[in-house]
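All residue numbers in this chain count up from 1 along the given sequence. Reckoned from all heavy atoms, side chains included, excluding hydrogens, waters and symmetry mates.
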Amino acid sequence: AIVALVLGMLGVPAASAAEPAITGLVTLDGVPVQGGRAALLAESAPGSWQVAGVAPTGTGAEAGRFTIQPPSAGPFALAFLAEGARAEFYNDKTSADAADPVSPGDDVTADLEPVAPISGMVTANGEPAESVQVSLLVVRPSGETATVRQGYTGVGDTAGEYVIYPPGLLPAGTTYYLHFAKHGLASEYYDDVPALDDNVANLNDEQVEEEYAVPAGATPVTEGSVADADLAQAPSVTGLITQDGTPSEGALVTLYRKTN
């Protein structure tokens with residue numbers, strides 16, 4: 001239900017100024033959340049909820065505060081989302097059906113639970129590897145693989161280090177897979193499982209879904225895991241192209257992979 005909530009944020013009905021606003025404060029472990037979101041949900045049919053309004057949480061002096069103008073008298077359910085936090089419904093509930101109802105004029109508070117990041121160190125031949133793309137993947141019940149988060153290893157003083165927060169929309173205990181890739185290095189899945197290709201961004205494309213599925217032997221990780229990786233240099237093919245015995249400049253060389 002909460003995934004549908006996020007998708008529904010793309011089409012939010014216009015609010016009516018006739019009703020008093022619904023306001024509140026969102027915190028994460030007691031600290032006001034800046035840049036989070038509060039979403040107002042209306043029940044269109046038993047067990048079916050639609051987004052009726054969305055507001056960001058404030059910054060500065062208004063840190064964590066939000067104001068939503070309801071389109072009607074309600075009642076409504078409220079959902080809260082923030083990076084690095086478990087998404088929840090008012091009042092500490094896990095679904096819109098179970099949420100305590102809110103009405104125009106209500107002022108509420110929500111203290112979100114943090115999501116533990118997945119972190120680690122990526123090296124190349126034992127040395128910290130900068131700007132390595134780190135992708136966090138899930139395998140859905142249908143067997144489809146999806147990229148849910150991407151980031152890069154640090155540079156300079158944080159060379160090779162990465163921190164990725166799993167999406168708060170997914171339940172605690174969800175298992176993930178990690179993919180590491182950088183041009184010039186052999187991409188792999190955690191832990192030391194070679195990857196067929198670096199392009200994990202196409203994992204939802206039906207034409208490549210099977211080819212890019214997480215390979216057998218990849219080790220799953222969960223929230224709070226520490227997963228290090230040491231990447232090898234990517235193999236290369238070298239040679240000399242000539243035309244009538246003279247080295248040819250600017251020639252196009254294409255490498256093909258045999259699939260059957």
Side-chain angles (χ1 to χ4, degrees), residues 7 10 83 117-167 170 174-222 225-260:
L7 295 177
L10 297 178
E83 183 72 15
I118 296 169
S119 60
M121 168 67 75
V122 180
T123 55
N125 299 314
E127 296 296 323
E130 299 182 341
S131 302
V132 175
Q133 184 186 68
V134 183
S135 299
L136 190 65
L137 317 174
V138 294
V139 178
R140 295 170 175 159
S142 64
E144 179 187 19
T145 305
T147 303
V148 294
R149 285 286 189 274
Q150 284 185 324
Y152 291 86
T153 58
V155 299
D157 291 341
T158 61
E161 300 175 9
Y162 73 90
V163 176
I164 292 182
Y165 284 92
L170 298 180
T174 297
T175 56
Y176 302 93
Y177 294 89
L178 286 166
H179 177 275
F180 306 96
K182 182 180 180 179
H183 181 70
L185 298 177
S187 60
E188 66 177 48
Y189 289 86
Y190 182 74
D191 185 18
D192 291 326
V193 177
L196 290 175
D197 198 283
D198 292 344
N199 192 5
V200 297
N202 290 329
L203 282 167
N204 288 321
D205 187 330
E206 291 182 3
Q207 296 180 347
V208 298
E209 178 183 328
E210 182 178 349
E211 182 179 357
Y212 292 101
V214 174
T219 301
V221 296
T222 57
S225 292
V226 176
D228 299 331
D230 185 50
L231 308 183
Q233 292 297 126
S236 60
V237 178
T238 61
L240 175 66
I241 299 175
T242 60
Q243 184 175 7
D244 295 332
T246 302
S248 180
E249 298 181 354
L252 175 66
V253 179
T254 304
L255 185 67
Y256 293 91
R257 184 178 68 211
K258 185 176 181 180
T259 59
N260 54 41

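- Shown here for Val221 and Ala227, the closest heavy-atom pair between the two residues is CG1-CB, 4.2 Å.
- Using a 4.5 Å heavy-atom threshold, the side chains of Pro166 and Arg149 count as separate.
- Of all the heavy atoms in Ala159 and Pro128, the pair that sits closest is O-CB, 3.4 Å.
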Check step by step if side chain to side chain contact (heavy atoms under 4.5 Å, CB included) holds for Ser187 and His179.
-> CA-CA 7 Å; Ser187 60; His179 177 275; 4.1 Å; yes
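- Across all their heavy atoms, Val155 and Ser131 have their closest contact at CG1-OG, 3.6 Å.
- The distance from atom CG of Leu231 to atom CG of Asp192, rounded to the nearest 0.5 Å, is 8.5 Å.
- Separating the OH atom in Tyr162 from the CG atom in Asp228 is a distance of 7.0 Å, to the nearest 0.5 Å.
- Between Ala129 and Val132, the closest heavy-atom pair is CB-CG2, 3.6 Å.
- Rounding to the nearest 0.5 Å places OG of Ser225 at 10.5 Å from OH of Tyr176.
- When all heavy atoms of Val226 and Gly120 are compared, the closest pair comes out as CG1-CA, 4.4 Å.
- Remark: Asp191 engages no residue in a side-chain hydrogen bond (donor to acceptor under 3.5 Å, both in side chains) (not counting sequence neighbours).
- Here CD of Gln150 is found 9.5 Å from CG of Leu136. Values are rounded to the nearest 0.5 Å.
- Taking the side-chain hydrogen bond (donor to acceptor under 3.5 Å, both in side chains) definition, one finds that Thr123 meets it with Asp230, sequence neighbours left out.
- Nearest heavy-atom pair, Ala251 versus Ser248, reported as atom, atom and distance to 0.1 Å: CB-OG, 4.0 Å.
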